[in-house]
Every structure is written in structure tokens, then in C-alpha cells.
Amino acid sequence: MYHRLLSRRFVNQFSRSCYQFGHEENQESGAPRARKYTKMLLGASVGTLLAYKFYDYRNNAVVLAESPEMKMGNVGVAKADLPVYTLHEVSEHSTKEKRIWVTYKEGVYDITDFVTEHPGGDQILLAAGSSVEPFWLLYAVHNNPHVLQILETLRIGNVSKEDSQQLVADMSDPYSTDPQRHAALKPASVKPFNAETPPFLLVEQFITPNELFYVRNHLPVPQVDPETYELEVEVEGRKKCLVLTLDEIKKLPRHTITATIMCAGNRRSEMVKVKPVKGLNWGAAAVGTATWTGVRLRDVLIKLGVDEDDKKLKHVQFEGLDFDPTGKTYGASVPLWKAMSKRGDVILAYEMNGEAIPRDHGFPIRVIVPGVVGARNVKWLGRIVVSENESDSHWQQNDYKGFSPSTDWDTVDFTKSPAIQELPVISAICKPSEGEKVKVEDGHIVVKGYAWSGGGQKIARVDVTADGGSTWFVANLDHQDSAEPPQHWSWTLWSARIPIPSGTKQVELWAKAVDSCYNTQPETFKNIWNLRGVLSNAYHRIKIKLV
Ligand code: HEM
């Protein structure tokens, strides 16, 4: 079967003074409770060493795994006579000088001498120092025993089950226990870790592989022990509350959705060309699409006795288990109507693309609020509070809001703008990329990209021009989920074949999308500029060279 065993050290993060778990309980007044998170100590010496499985992707890799040739060859299976390397050691071998190593399942391979022979060209270097598996999910051509046989001839070792980097927590660096990341992710910041996917990979498949999915962290990644994990759910001011273990959550009815998650700052690097803003310099790939499985938040809230018609209850606040040096946790909220709506599809997810949610994406539980900005899809979920008020967290109150282009840091009043929830329609060209040399074939070039709209709207059309808007070409919507609005949560992958007049040396390509409400993208960033650089959805424009 397709799986890897990775070792992770899960530190018992809670002081478990809280009450029993499992079902509804009356909270004694004054009982020590949610503040337990602040007692969490990163790198605490008491730890549980747990090996856990990443489950099968239901695709090519399984086919590979079941082929008799592969079983005979034991490709990627640990071999007793070979040296063992940590993922960190593998990551240090990413150049020709240091030799280029990659991993596949439990195997470590030195591919330095194969790079120039690779039929897929230089792209193989994207895996240098990391795993080849996410790429092989994208490029099914590797779904072949012949490819695995070549790989096994390059075998030099086994992946360590104990990633030594994870075992030694540096108390002076709260990020020292962050997980190992795939080398192909392009960091926008390292501590906290924020990184995007190489854009051209986004359009290879509808589903983004977990290891290549963009990461947006505000704080160090908490180490959560799934054995002792508890989720608290309550209504503000009421004694009755629910405490659920991971097993108990998994026993509730399963619900699966395919949803695109996007950072509010996606494509900010284009907006800053108008005027600088505060924020990470995201390109166009702070976005990805995954299949998420969990339980409906609605079911959990009904179990707690929440009445969606109760006029006093307006918001659902989420608290993460990640926290800053003062002990404050990450937090955000969404309106109660969204959480309770049968069509809202808000889930407490424990699987991402058929695997346990990876640490960077919220292990063990992340709330998925489809159609809504990534910032409200709180990771490492520890507590849910139904309230009359929005979350009072910095990220709900003083961040992730839009303003007039004339508002500056002297005049801004965060209380006057609503928190961003549903994101506006957006598109981006992912292939070719800015400045790329593109071969004109048969008088045409092919342009590929994604388009998405928040609030469960569907992409109705994508228009592409190569002559400043004199002529628009309607793109083919190559991959689009069949779900109808207002439950269309995933992006559309599109392509357009654009005619190029002979002798043209360079062109500027523009793309814009139209959603099922006929909302479209603004033409330029000039008049949507805002001091936080969010909602950057103007036409996407790239210049390319033609050969
Ligand atoms: C490191 C181990 C790898 C090995 C042994 C390997 C081997 C191969 C082989 C044998 C083929 C030709 C398959 C056929 O046509 O039957 C191929 C094609 C290809 N590979 Fe890889 N590959 C590796 C890694 C990668 C990675 C990491 C990427 C992408 C990031 C990649 C991208 C491609 C692409 C795009 C093609 C198709 C080229 C075409 O259009 O014909 N490969 N690879």
C-alpha cells in the first residue's frame, strides 16, 4: 500500500485539568478550562513518540503499489542493510556539489547522475532534497514499474523514522519544532513559515498535493498529541458545553467536500507595485484545492443545543492551539448562519486528500469554511464558542479587512470595515510565467490558469487577451466541479489557445474571470489598492517572450 511512516514527536500540550470529555457536560463555575492552552509548552520534555500513517491517495500511487513488479522490487521499502537518514539530512543534499537526494516512501535516492538523463528535463530538480511523491501525483507518467525500477537503482538509504530535527526542541526558538517542508514550496517568510506552490504546478491537476499546498502560518506550529487532543465547544455564558476527543469526532457522520482555500493576500506582490503595503509578498499561488473530510460543524452545534433562530447568537468563534509569546492563541470567527446552514458545508476536518491533515495544515482538526477567506479556516482547532460577538482576536478585528485606496496608516479605523469573509472573484495565469520564453506553435500559444470565486459561486467564463483587450478569447473550462452555486467551493482550471501574429517577439497576456453572479475582476490595482494589500483581484497580466 502507498504509505509512509513518519515519526513525529507529539508533546502532551495540555495541562489536563479540564473536566471529562466525550459528551455534554455541565461546566462548574470557576472550573479551570479553556485557558489550558496557554499552559502549553513548546518543546516540553515530556513527550510521546508516535509513528503515524499517511493514508492512501486514491489515485495513481495505489495502482503502482499493487503492481506485482513493484512488490518484487520492494521499491521504497526500508532495507535493513542501508544507512538511515533524517529528512533534514536529505534536505541538505539539493545541489550537484552536495549531491542531489530525494525520497520516495521510505527510500532515499541519489539522483545526481540521472538528472541529465531524465526524460522530463530539469523539472526533476524541484524534488531536490525532498520527496518525489507529490510530483508523481501530478505527473501520472511515473505510474509505471519501469520508472520505479530506474529509481531503485539509485537507492542509497532509508528515511529515518525519527526525524532528529523534531526531537531536539530549541527553547530559544519556538519554531524549532516546526515540521520539515517540501523543498519546492517557495517561502514568503520562514518564521513563521509561509510559502506558496510553484504556480505552474497548480494547473497540472485539479487537486493540489498536500506537500505542495501553500502554507499560511501566523505562529509556530503546535505539536498536538492525537491521543490526548480535546475540542471544546460552548455557547458563551452558558454552563453546558461539549468536549470531544478525536475518536469521538470521527464517530460522528462523515462529510466530504472539495474546496479551494485562498489567502486574502494572494497576488499581493502585484498590488504593491502601485504603492507599498504591509504584508507578505505573495505571488499568485497562495491558493490550493483539496478534498476535506470531517464532520459538519452544524451537527456538533445542534448536539450542543444551539438554536439557529436564537437572535442573540450571531457568530461562531474559533480558537487555534497555536499561540504567541504572551499566550494568545490564533483566532477568527464566521457568522452563525454560515455554520448552521445546511448548504454552508462548514466542517471540522480531520482528513486532507484522504490523509490525516498534515501538521502544517492543522493536525488533527482544522475548520474548513468553504467559500470563505483562508484566515477563518482556523487550524489546530482547540475551542469553538458560539457568541453574540465576533472573535476579539487581532486577526478578526485589526487585520484581514479592506479599505479605500486613500486610507493610510494615520487615518485607518479598523472598526469601520467588516472582516473579510467571502472572497471576490479572481483568476491568474499559471503557465507560462512572467518573462518566460514561449514557443509559438502553429501560430498559437497555450495559456493555463485557475479562476475561483468565494461564497460558493461558480466560474461562468474566463477571458484572455494578448492585445490589451482589443480581442478577448474565451478560455476552455477544463476542470470544473459539477456542484452548483451556492455550493460550488472549488476553483476552475482553464486553458486558452491564443493566436499570435507572425513576427511577434513579446506579448502581454491578461486574464479575467466572471462568476455565476456576473461579478468580474477590476481592470487595474490602482483603485482597489488598500494598505493591507488584501483582495488583490485585478486582471492578471504577465509579459512573455515568444520564440
Ligand atoms: C527522481 C526520480 C524520477 C525518475 C526516476 C523519473 C523518471 C522519469 C521517466 C522514466 C520518465 C519517462 C516516462 C515515460 O515516458 O514512460 C519521466 C517523465 C517525466 N518526468 Fe520524471 N522522474 C523522476 C522525477 C520527476 C520529478 C520530481 C518531476 C517533476 C517535478 C518529473 C517530471 C516528469 C515529467 C513532466 C515527465 C514527462 C515528460 C514528457 O512529457 O514526456 N519527474 N520521468
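When reading the values below, keep in mind they use all heavy atoms of this one structure, side chains included, and skip hydrogens, waters and symmetry mates. Read the numbers this way: they start at 1 and go in the same order the structure lists the ligands and their atoms.
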For the residue pair Arg155 and Gly76, what are the closest heavy atoms and their distance?
NH1-N, 3.8 Å
Least distance between heavy atoms, Thr492 atom then Ile459 atom:
OG1-CB, 3.6 Å
Contact summary for Phe213 and Thr289, nearest pair of heavy atoms:
CE1-N, 3.4 Å
For a quick check under 3.5 Å, do Asn217 and Asp322 share a side-chain donor-acceptor pair by atom type?
no
For atom 42 (N) of ligand 1, tell me which residue out of Glu152, Glu204, His142 has the closest non-hydrogen atom.
His142
Numbered in order shown, the ligand 1 atoms found under 4.0 Å of a heavy atom of Gly120 are 18 (C), 19 (C), 20 (N), 33 (C), 34 (C), 36 (C), 38 (C)
Is Arg181 positioned over the aromatic face of Phe193, cation under 6.0 angstrom from the ring centre and no more than 45 degrees off axis?
yes
Would you say His488 and Asp481 are linked by a side-chain donor-acceptor pair, where the criterion is simply a distance under 3.5 Å?
no
Identify, for atom 37 (C) of ligand 1, the protein heavy atom at the shortest distance, and state residue, atom and that distance.
Val141 CG1, 3.9 Å
Side-chain donor-acceptor contact under 3.5 Å, Asn143 with Trp136
no
Note the single closest protein heavy atom to atom 41 (O) of ligand 1, along with its residue, its atom name and the distance in Å.
Pro119 O, 4.7 Å
Distance under 4.0 Å to a non-hydrogen atom of Val132: what atoms of ligand 1 satisfy this?
1 (C)
With Lys186 as the cation and Trp282 as the aromatic partner, state whether NZ or CZ is under 6.0 Å from the six-membered ring centre and within 45° of the axis.
no
What do you think, any protein heavy atom under 4.0 angstrom from atom 39 (C) of ligand 1?
no
Return the option from Trp136, Tyr139, Phe135 holding the heavy atom at the smallest distance from atom 35 (C) of ligand 1.
Tyr139
Heavy-atom gap Phe114 to ligand 1 smaller than 4.0 Å:
yes
Would Lys250 count as a cation-pi partner of Tyr350, with NZ or CZ less than 6.0 Å from the six-membered ring centre and within 45° of the ring normal?
yes
Distance to 0.1 Å, residue and atom name: give those for the protein heavy atom nearest to atom 30 (C) of ligand 1.
Gln123 O, 3.1 Å
Looking only at protein heavy atoms, which one is nearest to atom 27 (C) of ligand 1, and how far off is it?
Ala127 CB, 3.6 Å
If you look at His118, which of its N/O/S atoms is nearest to atom 21 (Fe) of ligand 1?
NE2
Closer than 4.0 Å to some heavy atom of Leu151 - which atoms of ligand 1 meet that?
2 (C)
Pull out every atom of ligand 1 sitting under 4.0 Å from any heavy atom of Ile150, numbered as shown with elements.
10 (C)
Students should be able to answer this: which protein heavy-atom is nearest to atom 26 (C) of ligand 1, and at what distance?
Ile124 CA, 3.7 Å
